[in-house]
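Let me begin by presenting the structure, written as structure tokens, before commenting on it.
The figures that follow rest on heavy atoms only: side chains count, while hydrogens, waters and symmetry mates do not. We count residues from 1, following the sequence as given.
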Amino acid sequence: MRPQLHADEEVREMLRTAARAMLERLPELTDELVARVRGGDEDYCSLVPYDDHWASTLEGMRLGITAILQKRGERRDLQFTEAMARRRADQGLPLDSMMRMYRLAAQVTWAGIVDYMEREHPDQLGALVRTACHVWHAIDRQALVAGDTYRRRESELLGRNHERVSALLDALLDGAADAGVVRSAAAGLDLPERGRYAVVTVRFPVRHDGGRLPEKLGGMRLLWRMRTGHEVAVVALGEGTLDGLASALSVTVSGVAGISPVVDGLVELGEAHRLAELAMRTCVDAGPEVARLDQRLPAVLVICQPEISGYLVNGVLGQLLALDPADRDVLLTTLETWLRCEGSAAQAAGQLYCHRNTIINRIRRIENLTGRSLSRPRDIVDLALALDAVRLLPTS
């Protein structure tokens with residue numbers, strides 16, 4: 001065993017001698033490695049300045065070759081490796097480009113050692129083979145540390161970018177975006193400052209499980225934010241329409257949704273968000289239902305003026321609401337159905353599974369109780385608004 005130990009020590013000493021010779025050629029080896037890396041990688045050329053690349057390569061080669069002379073626990077090259085991996089991640093250099101650099105560094109280092117041995121100690125080339133694993137292990141260790149550090153830093157950067165995007169969206173949706181924030185949001189979200197936008201709000205019947213909401217619907221792009229009790233999306237409509245958006249949402253999103261009118265720029269998204277929430281509030285049940293503000297304006301007026309809506313309910317439907325609950329609910333359902341059927345007793349009867357004359361008799365009774373005639377447009381408006389108030393403001 002002792003002769004083998006003696007032979008291994010001779011091999012290690014030979015490698016240390018080669019490493020010392022390599023350190024004297026550092027500028028030449030650095031030129032070669034930088035040329036090979038930049039010659040086959042456009043990302044390195046565009047993202048890493050030449051002076052930065054050359055200086056960091058020189059230091060990396062110096063520390064890497066010195067590591068061959070050190071025990072594993074004494075290696076100082078790995079700290080530099082971690083720092084450079086973080087820097088390259090910050091510069092946006094792809095991980096594949098950085099790992100290719102380490103492969104080329106291994107080739108240049110090993111070729112330099114072989115050249116030295118051929119020139120100075122050709123009789124020991126056979127023994128040199130036994131040093132290969134030590135050299136490649138040293139560079140392999142650098143590459144593993146660089147890869148792990150890069151991925152951690154990339155994760156940090158992605159998290160910060162997500163936080164920044166979320167903050168920009170929040171500023172737009174809250175109406176707190178000044179001109180500077182709008183410009184930053186346009187750049188950070190890759191959206192034009194002026195363009196066709198809408199806001200969508202969605203409330204789910206149960207707590208949302210965090211599943212992915214659609215980021216594209218047709219040619220429309222959606223950027224989502226979670227809020228208390230609902231979720232919000234800024235919709236870059238492009239050439240899309242509100243009809244198309246509502247149709248796509250109706251088959252994609254469960255629960256209830258509100259859609260704002262179209263606005264012409266990012267600065268108007270705060271108001272659009274408020275209007276989308278109002279539209280969503282016109283949905284009564286758990287859904288699925290999609291409400292466009294421009295198609296729910298009377299109901300939105302009722303929501304926005306609850307005190308006046310209370311007077312409207314009492315003044316128009318007071319006597320009807322005082323009936324026995326079962327009788328009251330039948331009349332309210334009949335009125336709602338009759339209005340939805342645009343005054344057709346036959347269609348209302350079909351939906352309520354009763355005779356047409358039954359509908360007519362109920363309508364007459366509603367007219368007697370309310371003092372309104374369903375043949376007069378103004379009275380129909382009173383009844384429709386009062387019915388919306390009962391539906392949307394049950395405590396009024």
With a 3.5 Å cut-off and no angle check, do the side chains of Gln347 and Arg340 form a donor-acceptor pair?
-> no
Could you state whether Leu144 and Met98 fall into the same hydrophobic cluster, counting links through intermediate Ile, Leu, Val, Met, Phe, Trp or Tyr residues with side-chain heavy atoms under 4.5 angstrom apart?
-> no
Arg356 and Ala345: which non-hydrogen atoms are nearest, and at how many Å?
-> CG-CB, 3.9 Å
Judged by modelled atom types alone, do Gln91 and Asp52 share a side-chain donor-acceptor pair under 3.5 Å?
-> yes
Do the side chains of Ile308 and Val390 join up, straight or via other hydrophobic residues, at under 4.5 Å, putting them in one cluster?
-> no
Single-linkage hydrophobic cluster, 4.5 Å side-chain cutoff, Leu393 and Tyr311 together = no
Give a yes or no on whether a salt bridge exists between Arg196 and Asp264, defined as a side-chain N under 4.0 angstrom from a carboxylate O.
-> no
So do the side chains of Val200 and Ser260 get within less than 4.5 Å of each other, counting heavy atoms only?
-> no
Any side-chain heavy-atom pair of Arg281 and Arg296 under 4.5 Å = no
Side chain proximity check, Pro192 to Tyr197, heavy atoms < 4.5 angstrom | yes
Derivation of the side chain to side chain contact (heavy atoms under 4.5 Å, CB included) call for Leu383 and Leu317 = CA-CA 8 Å; Leu383 287 164; Leu317 296 177; 4.0 Å; yes
Scan side-chain atoms only and decide if Ser373 and Asp379 contain a donor-acceptor pair under the 3.5 Å cut-off.
-> no
Might you confirm whether atom CZ of Arg119 has over 12 heavy atoms from other residues, nucleotides or ligands at distances under 6.0 Å?
-> yes
Main-chain N/O of Arg86 paired to Thr149 side chain as donor or acceptor, under 3.5 Å | no
Under 3.5 Å: donor-acceptor pair, side chain of Thr201, backbone of Ala276 = yes
Please round to the nearest 0.5 Å and tell me the distance separating atom OG of Ser344 and atom CG of Leu339.
-> 12.0 Å
Kindly say whether Cys354 contributes a backbone atom to a donor-acceptor pair with the side chain of Thr358 at under 3.5 angstrom?
-> no
Gly112 to Met22 - nearest heavy-atom pair and separation = C-SD, 3.4 Å
Check against side chain to side chain contact (heavy atoms under 4.5 Å, CB included), Arg221 and Leu191 = CA-CA 10 Å; Arg221 178 185 172 200; Leu191 294 171; 3.4 Å; yes
Return a table of donor-acceptor pairs under 3.5 angstrom between the side chains of residues 234-257 and protein atoms on other chains or two or more places apart.
from: Thr241; atom 1: OG1; to: Gly244; atom 2: N; distance (Å): 3.0
from: Asp243; atom 1: OD1; to: Arg292; atom 2: NH1; distance (Å): 2.3
from: Ser250; atom 1: OG; to: Ser247; atom 2: O; distance (Å): 2.6
from: Thr252; atom 1: OG1; to: Ala248; atom 2: O; distance (Å): 2.6

Atom of Leu172, atom of Leu266 and distance for their closest heavy-atom approach | CD2-O, 3.8 Å
Gap separating the CD1 atom of Ile303 from the CD atom of Glu277, nearest 0.5 angstrom = 11.5 Å
Minimum heavy-atom distance between Val199 and Ala272, given as atom pair plus value = CG2-CB, 3.7 Å
Nearest atoms (heavy-atom pairs only) where Leu293 meets Pro261 | CD2-CG, 3.7 Å
Let me see the working for Glu28 and Arg25 under salt bridge (Lys or Arg N to Asp or Glu O under 4.0 Å), right down to the final yes or no.
-> CA-CA 5 Å; Glu28 175 188 344; Arg25 298 179 55 211; 2.8 Å; yes
Find the distance between CG (Leu33) and CG (Leu58) and round it off to the nearest 0.5 Å.
-> 11.0 Å
Can you run down the side chain to side chain donor-acceptor pair (under 3.5 Å) pairs that involve residues 327-339, sequence neighbours left out, and say none if there aren't any?
-> Asp327-Arg365, Thr334-Arg362
Arg194 atom CZ, neighbour heavy-atom count above 12 within 6.0 Å | yes
Any ion pair linking Asp388 and Arg391 (charged N to carboxylate O, less than 4.0 Å)?
-> yes
Does a salt bridge link Asp43 with Arg100, judged by any charged N lying under 4.0 Å from a carboxylate O?
-> no
Using a 4.5 Å cut-off on heavy atoms from C-beta on, say whether the side chain of Leu385 contacts that of Leu301.
-> no
Tell me, do Tyr150 and Met84 make a side-chain contact under 4.5 Å, heavy atoms counted?
-> no
Spell out, as yes or no, whether a donor-acceptor pair under 3.5 Å connects the side chain of Arg372 to the backbone of Thr370.
-> yes
Should Val114 and Ile65 be regarded as members of a common hydrophobic cluster, given that ILVMFWY residues are connected when their side-chain heavy atoms come within less than 4.5 Å of each other, either directly or indirectly?
-> yes
So, Arg38 and Asp41, do they make that salt bridge, N to O below 4.0 Å?
-> no
Arg62 and Glu59 ion-paired at < 4.0 Å = yes
Should Leu104 and Met101 count as side-chain neighbours, where that means a heavy-atom distance under 4.5 Å?
-> no
Interatomic distance, Leu26 atom CG to Met61 atom CE [nearest 0.5 angstrom] = 6.5 Å
Check against side chain to side chain contact (heavy atoms under 4.5 Å, CB included), Arg376 and Ile380 | CA-CA 6 Å; Arg376 289 196 296 265; Ile380 292 175; over 6 Å; no
Aromatic rings His230 and His273: how do their planes relate, parallel, tilted or perpendicular, breaks at 30° and 60°?
-> tilted
Heavy-atom distance under 4.5 Å between the side chains of His53 and Thr57, does that happen here?
-> yes
Is Arg274 salt-bridged to Glu271, going by a charged N under 4.0 Å from an acidic O?
-> yes
Step through the shown structure and confirm whether more than 12 heavy atoms of other residues, nucleotides or ligands are within 6.0 Å of CZ on Arg183.
-> no
Take Asp174 and Arg227 through the test salt bridge (Lys or Arg N to Asp or Glu O under 4.0 Å) and record every step on the way to the result.
-> CA-CA 11 Å; Asp174 292 340; Arg227 293 295 179 92; 3.0 Å; yes
Spatial distance of atom CG (Leu78) from atom CG (Leu63) [nearest 0.5 Å] = 9.5 Å
Close side-chain approach of Ile360 and Ile363, heavy atoms under 4.5 Å = no
Measure the CZ-OG distance between Arg88 and Ser97 for me, rounded to the nearest 0.5 Å.
-> 11.0 Å
Determine the minimum heavy-atom distance between Ala386 and Leu312, stating which atoms define it.
-> N-CD2, 3.6 Å
Cluster overlap Leu369 with Ile359, hydrophobic side-chain contacts below 4.5 Å = yes
Please answer whether the main-chain N or O of Ala279 pairs with a side-chain N or O of Thr282 as donor and acceptor at a distance below 3.5 Å.
-> yes
Please confirm whether the backbone N or O of Ala186 pairs with a side-chain atom of Asp190, one donor and one acceptor, at under 3.5 Å?
-> no
Decide yes or no on side chain to side chain contact (heavy atoms under 4.5 Å, CB included) for Trp224 and Leu169, but give the supporting numbers first.
-> CA-CA 9 Å; Trp224 291 94; Leu169 275 175; over 6 Å; no
